[in-house]
Undergrad: 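Have a look at this one.
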Protein chains: 2
Amino acid sequence: MCKLSSVRDQRQQPPTRRARLRAETTREIKAIALDHAAAGGPDAISLRAIARDMGMTAGAIYSYFPTRDDLVTTLINEVYEALTEAVSAALAPVPPEDAARRILVWGEAFRAWALANPAGFKLIYGDAVSGYRAPEGGAAPEPEHRACTIVTGLVAAAWPEAAPTQSGRTYEWSDFGAALVAAVRREYPELPPAGVALALRMWGRTHGLVSLEVYGHLGAMVHDPAPVYRAELLDMIRSIGLTPPE
Amino acid sequence: MCKLSSVRDQRQQPPTRRARLRAETTREIKAIALDHAAAGGPDAISLRAIARDMGMTAGAIYSYFPTRDDLVTTLINEVYEALTEAVSAALAPVPPEDAARRILVWGEAFRAWALANPAGFKLIYGDAVSGYRAPEGGAAPEPEHRACTIVTGLVAAAWPEAAPTQSGRTYEWSDFGAALVAAVRREYPELPPAGVALALRMWGRTHGLVSLEVYGHLGAMVHDPAPVYRAELLDMIRSIGLTPPE
DNA sequence: TGCGTTTTCTACACGGCGTTCAGATTTCAT
DNA sequence: ATGAAATCTGAACGCCGTGTAGAAAACGCA
């Protein structure tokens, strides 16, 4: 029996030697797992292979993660967080007023990250790990909400122009998930439910082409998907009442 | 050593008893594999499990498929074909002149099939099977081209109205894959390269929301993705210069 | 300092997987 | 009827995740 919550409180200024080693080993496990995923796809994440690379036995990893699926869940969360951070970083230098350019930069940053980290993309949005079953509530609810909130922020900034274009159908707050609604109403109080629907559509719209490209379905069709994707982004910006940059 | 091309010519009116048995067994292997995929996800496709269900040994399947990946490739092709046939069937009763309604029906048929066959969708568009490596040229080039041609046909029918909306960027035939270009120029000679780019964008646009929904990323955000998806389809129809039905 | 507890790790076992191979059996063409 | 080809079994190999028992190491406290 191993108490996996050994690092219970970190009130101690000098964390015990054990805690330091444990943190380091945990970090190494995750790093090697991500290396394997990057090299041979997310399915290459195997406890035995990781342990082999670390000079350990497979069983030893169970001192750090109760099961392989927990390791995968942790990885999904970290990778998803890396994605949202990459997008946020790309968005940071763009002034909040320039809603159109922010959408463009967001879309391009998302695609750039996905193409640079295909294994991570598949880990987040696909089913690539053999028998992996995500915990209830999804594998990475927090990063997913954060990602969704970023898109919603883009819509909120553009809402004065976008609102007239979204008169087709009416939405209620009750149409959406409680956690998302709470975050949106807190961060963007002026945004109506229709704005959330638009954000989800924009998320899906970018996800589609990027997903097709990452999984190799676009390569046989078009030699360079970049202009097609760029055209889609510009069209999306135009379709919500903004004038695209350039 | 087994000659896997035993059914070389079917000029014989009465196919030999062997050939009949072989065809039946092949059919059964694929059917059981698809059952397993539908039940436990595409990753549940295992030669041992299939053989167990058939009262055989795993090795026996190697008389019908040289390797597991070949079986998977065959399944992907058949499932992809089923998808294009489902979409074509839904499209059949809609008159060719009603370009807007055809796009709407196409989009809804695609989503309906994906939701009814999530395992098939993941098989086609995802990475779900453990160590599967697709053959060069993709796992299912023919059905993929057919699917792509269907979308292009929708664009071709709408091109008189759509053309003015697609003036942003110019495309050349050389931007696209040779096989796709050949099929398009043969079937829709009046369609310029920009029409193919628009078709790819429409493909991606629908793929995005459907993919997010199938993989469960939309469920936590919106209780019923149908209206969001419908709004996206209507917006897409509008964005190419058509007036949406209803 | 030394002792008892906790954590970490090894060694082994179990059942699952794809794949290969020798050999038995069945079917077919001649 | 005979020889060739196709089909299938059963055992093996090495991979996998997951447990369990027990050894070894590090720790906290007296």
Side-chain angles (χ1 to χ4, degrees), chain A residues 1-9 11-12 14-26 28-29 33 36-37 40-73 75 128-133, chain B residues 1-9 11-12 14-26 28-29 33 36-37 40-73 75 128-133:
Chain A
M1 294 117 192
C2 347
K3 267 214 196 92
L4 288 160
S5 51
S6 82
V7 198
R8 36 212 156 219
D9 303 32
R11 53 201 148 89
Q12 306 223 21
T16 78
R17 179 177 138 78
R18 261 254 202 55
R20 261 187 299 113
L21 286 179
R22 179 183 184 79
E24 176 55 28
T25 307
T26 306
E28 192 183 355
I29 291 174
H36 287 189
D43 197 57
I45 299 175
S46 103
L47 297 188
R48 293 186 120 103
I50 295 170
R52 217 178 295 125
D53 274 21
M54 297 178 65
M56 292 199 317
T57 355
I61 298 186
Y62 285 84
S63 298
Y64 298 89
F65 296 93
T67 186
R68 190 204 56 157
D69 281 14
D70 288 79
L71 168 59
V72 173
T73 300
L75 293 176
V129 184
S130 323
Y132 175 68
R133 290 288 118 203
Chain B
M1 292 115 198
C2 350
K3 272 222 192 83
L4 289 160
S5 51
S6 82
V7 198
R8 39 215 155 214
D9 304 33
R11 54 200 148 87
Q12 307 223 22
T16 78
R17 180 175 136 79
R18 259 250 262 290
R20 263 187 298 114
L21 286 180
R22 180 182 183 80
E24 175 56 28
T25 307
T26 306
E28 191 182 357
I29 291 174
H36 286 188
D43 198 58
I45 300 174
S46 104
L47 297 188
R48 293 187 119 103
I50 295 169
R52 218 178 294 124
D53 273 23
M54 297 179 65
M56 291 199 320
T57 348
I61 298 188
Y62 284 81
S63 296
Y64 298 89
F65 296 94
T67 187
R68 188 204 56 156
D69 281 15
D70 288 79
L71 169 58
V72 173
T73 299
L75 294 176
V129 184
S130 317
Y132 176 70
R133 291 288 119 202

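Lettering of chains follows the sequences in order, A, B, ..., and the numbering in each one begins at 1. As the structure is a prediction and not an experimental result, all values here were calculated from the model.
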Undergrad: Measure CG/L21(A) against C1'/dC9(C) and give the value in whole Å, please.
TA: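 Taking CG of L21(A) and C1' of dC9(C), I get 13 Å after rounding.
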Undergrad: Indicate whether OP1 or OP2 belonging to dT20(C) is found under 4.0 Å from a side-chain N or O atom of Y62(B).
TA: no
Undergrad: Which of the following nucleotides, dC8(D), dG18(C), dC9(C), is nearest to the side chain of S46(B)?
TA: dG18(C)
Undergrad: Heavy atom of residues 50-61 of chain B under 4.0 Å from DNA chain C: which residues?
TA: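 Those residues whose heavy atoms fall under 4.0 Å from DNA chain C, taken from residues 50-61 of chain B in numerical order, are R52(B), A58(B).
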Undergrad: Could you tell me which residues satisfy side-chain contact (heavy atoms from CB on, under 4.5 Å) with T73(A), sequence neighbours excluded, listed by chain and number?
TA: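 Checked T73(A) against side-chain contact (heavy atoms from CB on, under 4.5 Å); matches are N77(A), Y132(A), P135(A).
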Undergrad: Rounded to whole Å, please give me the gap between OH in Y132(B) and C1' in dT19(C).
TA: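 Roughly 18 Å, once rounded to whole Å.
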Undergrad: May I have the distance from I45(A) (atom CD1) to dC15(D) (atom C1'), rounded to whole angstrom?
TA: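 After rounding, the gap between these two atoms is 17 Å.
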Undergrad: What distance separates D69(A) CG from L75(A) CG, expressed to the nearest 0.5 Å?
TA: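 The CG atom of D69(A) sits 11.0 Å away from the CG atom of L75(A).
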Undergrad: Do F65(B) and T26(B) have side-chain heavy atoms sitting under 4.5 Å apart?
TA: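 Answer yes - side chains close enough.
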Undergrad: Consider the side chain of R48(A), meaning its heavy atoms from C-beta on, and name the nucleotide among dC9(C), dC16(D), dT19(C) that approaches it most closely.
TA: dC16(D)
Undergrad: Would you give the length of the straight line joining atom CD1 of I61(A) to atom CD1 of I50(A), rounded to the nearest 0.5 angstrom?
TA: 5.0 Å
Undergrad: Starting at atom CG of D43(B), determine the distance to atom C1' of dG17(D), rounded to an integer number of angstrom.
TA: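 Going from D43(B) (CG) to dG17(D) (C1'), I get 13 Å.
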Undergrad: Would you mind classifying the nucleic acid contact of T67(A) as base, sugar-phosphate or nothing, using non-hydrogen atoms under 4.0 angstrom?
TA: sugar-phosphate
Undergrad: Looking at Y64(A), does any N or O in its side chain come under 4.0 Å of the phosphate oxygens OP1/OP2 on dC9(C)?
TA: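 It does, given that an N or O in the side chain of Y64(A) lies less than 4.0 Å from OP1 or OP2 of dC9(C).
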Undergrad: Looking at CZ of R68(B) and OG of S130(B), how far apart are the two atoms once the value is rounded to the nearest 0.5 Å?
TA: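 Reported value, rounded in 0.5 Å steps: 5.5 Å.
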Undergrad: When the distance from CZ of R20(B) to C1' of dA6(D) is rounded to whole Å, what number comes out?
TA: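 My rounded result for the distance is 16 Å.
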Undergrad: Show me the pairs that pass side-chain hydrogen bond (donor to acceptor under 3.5 Å, both in side chains) and involve residues 47-60 of chain B, at least two apart or across chains.
TA: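 Found H36(B)-D53(B).
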Undergrad: What's the CZ-P distance between R68(B) and dG18(C), to the nearest Å?
TA: 6 Å
Undergrad: From E28(B) CD over to L21(B) CG, what is the distance, rounded to the nearest 0.5 angstrom?
TA: 11.0 Å
Undergrad: Separation of D69(A) atom CG from dC16(D) atom P, in whole Å?
TA: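 Spelled out: CG on D69(A) to P on dC16(D) is 16 Å.
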Undergrad: Heavy atoms under 4.0 Å, any strand shown: does L71(B) hit a base, just sugar-phosphate, or nothing?
TA: nothing
Undergrad: Grab the NE2-P distance between H36(A) and dG17(D) for me, whole Å please.
TA: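 Nearest whole value for this atom pair: 11 Å.
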Undergrad: Between R22(B) and dT7(D), does any side-chain N or O lie under 4.0 Å from OP1 or OP2?
TA: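 Result: yes.
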